[in-house]
Amino acid sequence: MDSKKTKTFYITTPIYYASGNIHIGHTYANVVADVIARYKRIRGYQVRFMTGSDEHGEKIQKKALEAKMEPKAYVDKIAQSFKEVWKAMNISYDYYVRTTDESHIACVKKVFTKLLEQGDIYLGKYEGWYCTPCESFFTDAQVGEEHLCPDCHRPVHWEQEDAYFLNVKKYASDLLEFYQQHPNFCRQDKINEMINTFIKPGLDDLCITRTSFDWGIKIDENPKHVVYVWIDALLNYISALGYLSDDDHLMKEYWGEDTEILQLVGRDITRFHVIYWPILLKALNLRLPDQVLVTGLLVTKSGVKLSKSLGNAPSPYPLIERYGVDSLRYYLAREMQIGEDGCFTPTQFVDRLNADLANNYGNLVNRSLSMINRYFDGVIPEYHEPIDDLTKKLFADVKEKLTIYEEKMNDFDITMGANAAMELIDLGNKYFDNIAPWTQAKNNNIDLLKESLYAASELLRIGSILLKPFMPTKTIDALDQENVPDSLRTFDSIKDIGKLGGIHIGTLSPLFPRLKKDEEIKFLTDLIDGK
RNA sequence: CGCGGGGUGGAGCAGUGGUAGCUCGUCAGGCUCAUAACCUGAAGGUCGUAAGUUCAAAUCUUGCCCCCGCUACCA
């Protein structure tokens, strides 16, 4: 059925601003992307998964100054620290893009020149309320009626400077048409919000250069101008594919018409990815992504966004050390409803890990394999067609959950995908209770004992395969304990029921130790309240 | 009337016309293979509020109250 050509899939995360440390809010988006990337890979896609860092701008220049470092040295350090987090989080990105990469800089300059030549960029005046001591422009809303600087509270004055603008007005109608023709481009409520708030009142041309600082990409045509964040950061998605470079084979491969392109963005940067980025692509006569998936943000209980500047977001490291990376990944993927804001709370964290991972998945692995040890000296019984109705029903139910899992995952609803996998595992607990293998053993009903433990072995194998994208290491651990051969660990092998008989299982150890609720809540609360 | 999302048992959510459901928590029972786990059952909701449409509304209409996000060059 499948075409001979391998399907390609390009997935990107936001690139994070290199001004501080990564916190769990950032890790959330990358976990979502990683789960999707891993899922696509096991479904046979040729995947390119990219993340990176945005390393230019005034703020970074200031930060570097404070740290008494050259900006480049400063961002080198930050980028390195980001990569370390992604390594610790098991983020399987294929490429890490930095906006200070030579190739990126070259691409941005070429794009600027191209757009200037074709008339989509022009030189104009940028106007706004200017605070001289802060060297910053502010909007009407920011300065308020008093016309005071929102940072230092001193008076601001109306000021203008030369700046280049991107002619976005010209593309507004094209964009609206695109939205209409591609209802899956982005969630409809977000699109409506964008249309009503920004497009309908009339889009203003976007100011894309600054002269007030110089840590950025200087344009060849007028080097006192540096490219401001929009054009610089957004282009990462294609500069990293070699757009306009001598070697653009990746661009052809992953930004071609046949590629499925998924871009993850946080809700806070929706506008740039749903309005300006598509316009930029249209101006460059390039295709648009298939979908911009807006993920929610992690917020505190009172609804405040977790952020670097507020300092209210824990680092992922203590969580990884204490609970293991897979637990954190699972929690983020499962607890946060994708697309909705989610709230990191100690109670929910502990409850979720105990309920799903320790009590359900981990415990089922343990109890199933323990029985195989106890009753069959660690050898999985041979398969035969199920005789007992309960076993028949179990296999039917497994199939049903599997279908739901696929549906949800194909829609990138990883929250419900994880849920379906967990429900599949949970079938095993009810099945055991109904069959009561321990009773069958006492009654010497060996056939049913064998049938039930074989069924459980398959259930664990399938469940572990489904959970692989979420928990790449613990699922391997589970499959190792069951000693499943590599050939039966692939997604495609899920349908190969009946091949586990005769396997001598491995050494058992609890996958996820049950957490002591009070202790862990205290630990987590202290962590959030500031170390 | 700026735009949009939302108010469902203790917590988090599903549910777009026809006996109000899920997960966690709580309580009671069961089981003993397992990580004090697992299974079963129970308690607990007038579905923000007021009115309307309908044989029938959490679900449609309208008013009101409350929470949240966005409101433009702040990543």
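Just so you know, these numbers come straight off a predicted model, no measurement behind them. Lettering follows sequence order; numbering is per chain, from 1.
OP1 and OP2 of B/G12 both lie 4.0 Å or more from every side-chain N or O belonging to A/Tyr331. Phosphate contact (OP1/OP2 of B/C38, side-chain N/O of A/Asn359, threshold under 4.0 Å): present. Note on A/Arg210: a side-chain N or O is less than 4.0 Å away from OP1 or OP2 of B/C74.
Within 4.0 Å of A/Ala355, counting heavy atoms only, lie sugar-phosphate atoms of the nucleic acid but no base atom. Residue contacts shown for A/Asn363 include a base, since a base heavy atom lies under 4.0 Å away. Counting any heavy atom pair closer than 4.0 Å across all strands shown, A/Ile15 reaches no nucleic acid atom. Backbone-only contact: A/Lys442 has heavy atoms under 4.0 Å from sugar-phosphate atoms and none from a base. Counting non-hydrogen atoms under 4.0 angstrom, A/Arg514 reaches a base of the nucleic acid. Using a 4.0 Å heavy-atom criterion, one finds that A/Asn366 contacts the bases of the nucleic acid, with or without backbone contacts as well. No contact: A/Lys200 has no heavy atom under 4.0 Å from any strand. Within 4.0 Å of A/Tyr276, counting heavy atoms only, lies at least one base atom of the nucleic acid. Residue A/Gln348 is classed as a sugar-phosphate contact, given heavy-atom separations below 4.0 Å to backbone atoms only. A/Pro513 comes within 4.0 angstrom of a nucleotide base, judged by non-hydrogen atoms across all strands. The residue A/Asp205 sits close to a base: some heavy atom pair falls under 4.0 Å. Across all strands shown, A/Asn419 has no heavy atoms under 4.0 Å from either base or sugar-phosphate atoms. Within 4.0 Å (heavy atoms only), A/Gly202 reaches at least one base atom of the nucleic acid.
The side chain of A/Pro510 has B/U35 as its nearest neighbour among B/U23, B/U35, B/A75. Distances from the side chain of A/Arg367 to the nucleotides B/C74, B/U35, B/C38 place B/C38 closest. Listed nucleotides B/G5, B/U23, B/G69 differ in distance to A/Glu193; the shortest reach to its side chain belongs to B/G69.
Classification of A/Glu519 and A/Lys522 as a salt-bridged pair fails, no side-chain N sitting under 4.0 Å from a carboxylate O. Ion pairing between A/Asp205 and A/Lys170 fails under the 4.0 Å rule for side-chain N and carboxylate O. We find that A/Lys430 and A/Asp426 are joined by a salt bridge, their nearest charged nitrogen and carboxylate oxygen being less than 4.0 Å apart. Salt bridge status for A/Asp389 with A/Lys393: absent, with no side-chain N to carboxylate O gap under 4.0 Å.
Nucleotide B/G52 forms a pair with B/C60, judged by Watson-Crick or G-U wobble geometry with both contacts under 3.5 Å. Using the Watson-Crick or G-U wobble rule with both distances under 3.5 Å, B/G41 pairs with B/C27. Nucleotide B/U46 forms a pair with no other nucleotide shown, judged by Watson-Crick or G-U wobble geometry with both contacts under 3.5 Å.
Without hydrogens or angle criteria, A/Asn443 side chain to A/Asn445 main chain gives no donor-acceptor distance under 3.5 Å.
The OH-P distance, from A/Tyr228 to B/A72, rounds to 14 Å in whole Å. In this structure, A/Glu520 places its CD atom 17 Å from C1' of B/C24, rounding to the nearest Å. Distance A/Ile521 CD1 to B/A11 P: 16 Å, rounded to the nearest Å. Rounded to whole Å, the distance from CD1 on A/Ile425 to P on B/U23 is 16 Å. Regarding A/Asp426, its CG atom lies at a distance of 9 Å from the P atom of B/C38, rounded to whole Å. For the pair A/Lys430 NZ and B/G41 C1', the interatomic distance rounds to 14 Å; values are reported in whole Å. Regarding A/Leu357, its CG atom lies at a distance of 17 Å from the P atom of B/U35, rounded to whole Å. B/C70 atom C1' lies 9 Å from atom CZ of A/Arg267, rounded to whole Å.
Using C1' as the reference atom, B/G45 and B/A11 are 14 Å apart when rounded to the nearest Å. With P as the reference atom, B/G48 and B/G6 are 13 Å apart, rounded to whole Å. B/A57 and B/U19 have their P atoms separated by 11 Å, given to the nearest Å. Between B/A72 and B/C3, the distance separating the two P atoms is 15 Å to the nearest Å. Annotation: B/C64 and B/G25 have their C1' atoms spaced 35 Å apart (nearest Å). Of the C1' atoms belonging to B/C67 and B/U35, the separation is 41 Å, rounded to the nearest Å.
When the nearest nucleotides of RNA chain B are assigned to A/Tyr361 and A/Leu203 by heavy-atom distance, the more 5′-ward of the two goes with A/Tyr361.
For A/Asn196, the side chain to side chain donor-acceptor pair (under 3.5 Å) criterion is met by A/Lys200, not counting sequence neighbours. In this structure A/Asp174 satisfies the side chain to side chain donor-acceptor pair (under 3.5 Å) test with no other residue, sequence neighbours excluded.
For the pair A/Lys59 and A/Tyr17, the minimum side-chain heavy-atom distance is below 4.5 Å.
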